[in-house]
Undergrad: 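Let me give you the structure first, and then I'll get to my questions.
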Amino acid sequence: MALRVVQWATGGVGVAAIKGVLEHPDLELVGCWVHSEAKNGKDVGEIIGGERLGVTATNNVQDILDLDADAVIYAPLMANPDEVAALLRSGKNVVTPVGWVYPSEKQGAPMREAALAGGVTLHGTGIAPGGISEKFPLLFSVMSTGVTFVRAEEFSDLRTYDAPDVLRHVMGFGETPDKALTGPMQKLLDSGFIQAVRMCVDEFGFSADPKIRARQEVAVATAPIDSPLGPIQPGQVAARKFHWEAVVGDEVVVRVTVNWFMGEENLDPAWDFGPEGQRYEMEVKGHPDFTVSIKGFQGLVGEDGPEPGVVGTAAHCVNSVPAVCAAEPGIATYLDLPLFSAKAAPRLR
């Protein structure tokens with residue numbers, strides 16, 4: 001029998017997750033929580049721009065808690081731990097791209113208690129963090145020995161990110177450098193990426209300082225730059241870099257970096273993506289050294305359709321569900337789950 005799945009929130013990731021569930025042979029969509037009153041009571045098929053599915057969206061949390069379901073794909077913009085705990089206590093496994101990739105004992109304790117009470121499992125996943133930042137560097141590292149350094153890095157052109165309010169007020173683009181550097185973005189990113197670095201440190205066995213070093217940099221426009229939030233004027237923030245590093249003595253052993261630019265022109269400093277362009281990149285130094293470059297998750301400026309990275313994030317959630325439902329109750333990280341994969345397209349099964 002198919003596993004019964006609820007989708008929590010219908011933003012970009014949520015809509016992509018619904019479509020992924022509908023394509024997965026082992027999953028059945030049985031419920032959907034929505035934030036807005038405008039979507040409340042609508043058929044989920046209408047919300048995702050397709051045919052009616054016979055599943056009605058609700059903004060009543062209790063409706064979801066009372067629903068007979070095996071799992072919830074929990075994908076709001078930001079996590080509410082109380083909501084996640086309630087879902088777990090109601091006996092529903094939770095897969096989410098907004099936290100708990102590799103929580104510390106203290107971070108994970110309330111969720112672990114809720115999961116054990118419900119006899120279910122919580123799994124944090126995604127793309128970065130939640131995949132590129134830790135799962136895949138660990139996976140590829142099996143082809144090396146004597147590892148001395150691991151790097152995971154994102155290179156993305158954010159002119160494809162059509163969320164002007166988030167870009168300006170959360171991510172700090174179009175602001176003064178001081179305002180961007182003291183804004184909320186570093187703190188919002190820290191939790192997930194620090195967990196990613198810590199997973200690598202622990203699994204590789206580095207004797208690293210327990211404190212993960214976080215830092216950020218900005219570049220400003222030297223001429224007007226067109227962007228989703230309107231023209232970014234000279235002196236305003238037009239590119240950002242975030243770094244998280246684990247250190248043994250004075251030697252960096254794990255580094256995760258995010259490069260978010262509004263294009264590669266008219267920046268000071270004159271940052272660029274290099275000849276390979278937009279990508280995710282992973283590097284392992286050991287015997288031998290190697291670098292892996294992954295393309296396809298970043299959209300192209302002017303391209304229609306959902307951002308590929310958003311769809312990839314949702315897909316990782318969807319494809320995790322069967323393994324998570326089969327796992328022992330508690331919190332399951334990538335280190336606790338078996339290998340799993342996507343499924344063939346319906347027309348090829």
Side-chain angles (χ1 to χ4, degrees), residues 9 11-13 35 75-81 96-101 103 107 124 126-130 132-133 152-198 211-246 255-273 278 280 297-299 301 307 309-310 313:
V13 173
H35 181 268
L77 183 61
M78 295 178 61
N80 179 332
T96 179
V98 291
W100 300 285
V101 169
Q107 289 171 322
I127 190 167
I132 300 291
S133 307
E153 191 159 1
E154 174 185 351
F155 300 84
S156 295
D157 189 331
L158 291 200
R159 291 178 298 173
T160 65
Y161 188 49
D162 190 19
D165 288 344
V166 175
L167 286 169
R168 182 180 294 279
H169 301 300
V170 179
M171 302 173 81
F173 287 93
E175 301 286 7
T176 64
D178 284 348
K179 190 168 183 179
L181 290 168
T182 58
M185 200 69 239
Q186 180 79 57
K187 186 176 180 180
L188 289 173
L189 295 176
D190 274 352
S191 176
F193 283 104
I194 287 173
Q195 289 181 40
V197 172
R198 179 53 57 191
K211 184 174 177 59
I212 303 302
R213 190 164 68 188
R215 57 190 176 90
Q216 57 178 315
E217 305 172 78
V218 298
V220 298
T222 58
I225 297 173
D226 288 336
S227 79
L229 52 86
I232 296 177
Q233 300 297 336
Q236 295 178 338
V237 171
R240 305 202 66 175
K241 292 187 179 189
F242 299 88
H243 311 272
W244 296 269
E245 297 173 329
R255 177 185 295 127
V256 176
T257 293
V258 172
N259 299 276
W260 287 337
F261 302 172
M262 290 293 178
E264 300 176 85
E265 298 180 354
N266 302 318
L267 298 177
D268 180 23
W271 294 339
D272 60 50
F273 296 141
Q278 293 191 87
Y280 286 99
F297 288 118
Q298 283 93 354
V301 177
E307 182 80 15
V310 169
T313 299

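Owing to the predicted nature of the structure, the values given are computational and were not obtained by experimental measurement. We number each residue from 1, following the sequence as shown.
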Undergrad: What's the spacing between Ile194 CD1 and Arg213 CZ if we round to 0.5 Å?
TA: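 Separation between the atoms: 12.5 Å.
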Undergrad: Do you know which of Glu154, His243, Glu153 makes side-chain hydrogen bond (donor to acceptor under 3.5 Å, both in side chains) with Asn259?
TA: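 Checked Glu154, His243, Glu153 against Asn259; only one passes side-chain hydrogen bond (donor to acceptor under 3.5 Å, both in side chains): Glu153.
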Undergrad: Let's go through Phe297 and Thr313 carefully: what are the C-alpha distance in whole Å and the side-chain angles of both, what is the deciding distance for side-chain contact (heavy atoms from CB on, under 4.5 Å) to 0.1 Å, and is it a yes or a no?
TA: CA-CA 9 Å; Phe297 288 118; Thr313 299; over 6 Å; no
Undergrad: Under 6.0 Å from the CD atom of Glu265, do we count more than 12 heavy atoms belonging to anything else shown?
TA: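 12 or below, so no.
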Undergrad: Is it the case that atom CG in Leu188 sees more than 12 heavy atoms from other parts of the structure closer than 6.0 Å?
TA: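 Counting neighbours around CG of Leu188, more than 12 heavy atoms of other residues, nucleotides or ligands fall under 6.0 Å, so yes.
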Undergrad: Go through the steps to decide whether Val166 and Met171 satisfy the test side-chain contact (heavy atoms from CB on, under 4.5 Å), and finish with yes or no.
TA: CA-CA 6 Å; Val166 175; Met171 302 173 81; 4.0 Å; yes
Undergrad: Can you name the residues that form a side chain to side chain contact (heavy atoms under 4.5 Å, CB included) with Gln216, not counting sequence neighbours?
TA: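 Listed in chain order: Leu181, Gln186, Arg240, Phe242.
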Undergrad: Can you measure from CZ (Arg159) to CZ (Phe261) and round to the nearest 0.5 angstrom?
TA: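 The CZ atom of Arg159 sits 12.0 Å away from the CZ atom of Phe261.
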Undergrad: Assess the residue pair Glu245 and Val197 against the criterion (side-chain contact (heavy atoms from CB on, under 4.5 Å)); give the C-alpha distance rounded to whole Å, side-chain angles, the decisive distance to 0.1 Å, and a yes or no.
TA: CA-CA 7 Å; Glu245 297 173 329; Val197 172; over 6 Å; no
Undergrad: Sequence neighbours left out, what passes side chain to side chain contact (heavy atoms under 4.5 Å, CB included) with Arg198? Give chain and number order.
TA: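 So Arg198 forms a side chain to side chain contact (heavy atoms under 4.5 Å, CB included) with Tyr102, Val201, Asp202, Pro210, Ile212.
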Undergrad: For the CG atom of Leu189 and the CH2 atom of Trp244, what is their distance to the nearest 0.5 Å?
TA: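 Rounded to the nearest 0.5 Å, the CG-CH2 separation comes out at 4.5 Å.
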Undergrad: Test side-chain contact (heavy atoms from CB on, under 4.5 Å) on Tyr161 and Glu307 and set out the steps.
TA: CA-CA 8 Å; Tyr161 188 49; Glu307 182 80 15; 5.8 Å; no
Undergrad: How many angstroms lie between atom OG1 of Thr222 and atom CD1 of Ile232, to the nearest 0.5 angstrom?
TA: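 Between Thr222 OG1 and Ile232 CD1, I get 12.0 Å after rounding to 0.5 Å.
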Undergrad: Looking at side-chain heavy atoms only, is the closest gap between Ser191 and Gln107 below 4.5 Å?
TA: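 Yes, at least one pair of side-chain atoms sits under 4.5 Å.
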Undergrad: Any luck finding a side-chain donor-acceptor pair between Gln298 and Thr160 under 3.5 Å?
TA: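 Short answer, no.
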Undergrad: Can you name the closest pair of heavy atoms from Leu229 and Phe173 and give their distance?
TA: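 In terms of heavy atoms, the two residues are closest at CD2-O, 3.7 Å.
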Undergrad: Provide the closest heavy-atom pair for Pro228 versus Pro164 in the form atom of the first, atom of the second, distance.
TA: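 So the two residues come closest at O-CB, 3.6 Å.
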Undergrad: Can you name the closest pair of heavy atoms from Val310 and Gly12 and give their distance?
TA: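 Residues Val310 and Gly12, closest heavy atoms: CG1-C, 3.4 Å.
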Undergrad: Which heavy atom of Val170 sits nearest to which heavy atom of Pro184, and what is that distance?
TA: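 Looking at all heavy atoms of both residues, the shortest contact is O-CG, 3.6 Å.
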Undergrad: How far does CD of Glu264 sit from CD1 of Ile225, to the nearest 0.5 angstrom?
TA: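 Atom-to-atom, Glu264:CD and Ile225:CD1 are 11.0 Å apart.
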Undergrad: Quick check for you: to the nearest 0.5 Å, what is the distance between Ile127 atom CD1 and Tyr280 atom OH?
TA: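 One finds 4.0 Å between CD1 of Ile127 and OH of Tyr280.
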Undergrad: Of the non-hydrogen atoms in Phe193 and Pro129, which two are nearest, and what is the gap between them?
TA: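 In terms of heavy atoms, the two residues are closest at CZ-CD, 3.4 Å.
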Undergrad: Just by modelled atom types, is the Gly172 backbone N or O under 3.5 Å from a matching donor or acceptor in the Glu175 side chain?
TA: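 Here the side-chain-to-backbone pair does not exist.
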Undergrad: Tell me the closest heavy-atom pair linking Gly235 and Pro177, and the distance in Å.
TA: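 So the two residues come closest at O-CD, 3.7 Å.
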